Visitor: 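Questions regarding the structure given below will be posed in turn.
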Amino acid sequence: MVILVILYLNGQKFYRTLTCAMFDDFKRESYSGEVVKKFIDQKNHRTETVILDNGKNIYFVSDTSHFYEKINVGDIVRKIKNDSSLIVNSHGKLSTFNIYFGCKD
């Protein structure tokens, strides 16, 4: 029983470390493009995935902003380097989503 608890806690720590590394990578990126596809990637741990017209894939792991649920194909997404926000233009209406993967800055 103790071994299972240790494995579980180590697994949780590893997952959090990996998630925070992905969030750091996300913040360093910059891009702009139109959403051409969004889906739950079954082969990649059910990751929320958005594909832009420039070929950029955006992955959301444990994001609490609800960005994925609120955007649609045809929306324009803009990401500024070293920022954790996404700016979305949906039919002329601008919205800002503060993306958060559960990691401290």
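This is a predicted model, so every value here is computed, not measured. Note that these values count all heavy atoms, side chains included, but never hydrogens, waters or copies made by symmetry.
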Visitor: Please examine the side chains of F39 and V50, heavy atoms only from C-beta on, and report whether any two atoms are closer than 4.5 Å.
Guide: no

Visitor: Among all residues two or more places apart in sequence or in another chain, which pass the side-chain hydrogen bond (donor to acceptor under 3.5 Å, both in side chains) test with N57?
Guide: Y59

Visitor: Run the side-chain donor-acceptor check on residues 69-77: report pairs under 3.5 Å with partners two or more places apart or on a different chain.
Guide:
{"from": "D75", "atom 1": "OD1", "to": "S90", "atom 2": "OG", "distance (Å)": "2.9"}
{"from": "D75", "atom 1": "OD2", "to": "N72", "atom 2": "N", "distance (Å)": "2.8"}

Visitor: Evaluate the side-chain proximity of Y68 to T49: yes if any heavy-atom separation is below 4.5 Å, no if none is.
Guide: no

Visitor: Measuring from N89:CG to E34:CD, what's the distance to the nearest 0.5 Å?
Guide: 10.0 Å

Visitor: Check which hydrophobic residues are tied to I80 through side-chain heavy-atom contacts below 4.5 Å, counting indirect links as well, and list them.
Guide: I87, L94

Visitor: So K81 and K27, do their side chains get closer than 4.5 Å, heavy atoms only?
Guide: no

Visitor: Can any side-chain N or O of K79 pair as donor or acceptor with the backbone N or O of S32 at less than 3.5 Å?
Guide: no

Visitor: Does a side-chain N-to-carboxylate-O contact under 4.0 Å join K56 and E29?
Guide: yes

Visitor: Considering only heavy atoms from C-beta outward, does the side chain of F26 approach that of D83 to under 4.5 Å?
Guide: no

Visitor: Roughly how far, to the nearest 0.5 Å, is the OG atom of S30 from the CG atom of N82?
Guide: 9.0 Å

Visitor: Assess the side chains of T47 and D41: does a donor N or O sit below 3.5 Å from an acceptor N or O?
Guide: no

Visitor: Tell me, do T96 and S85 make a side-chain contact under 4.5 Å, heavy atoms counted?
Guide: yes

Visitor: Kindly indicate, with the supporting measurements, whether the criterion side-chain contact (heavy atoms from CB on, under 4.5 Å) is fulfilled by I99 and S65.
Guide: CA-CA 6 Å; I99 306 303; S65 74; 3.4 Å; yes

Visitor: Are the side chains of V35 and L52 in touch, meaning some heavy atoms are under 4.5 Å apart?
Guide: yes

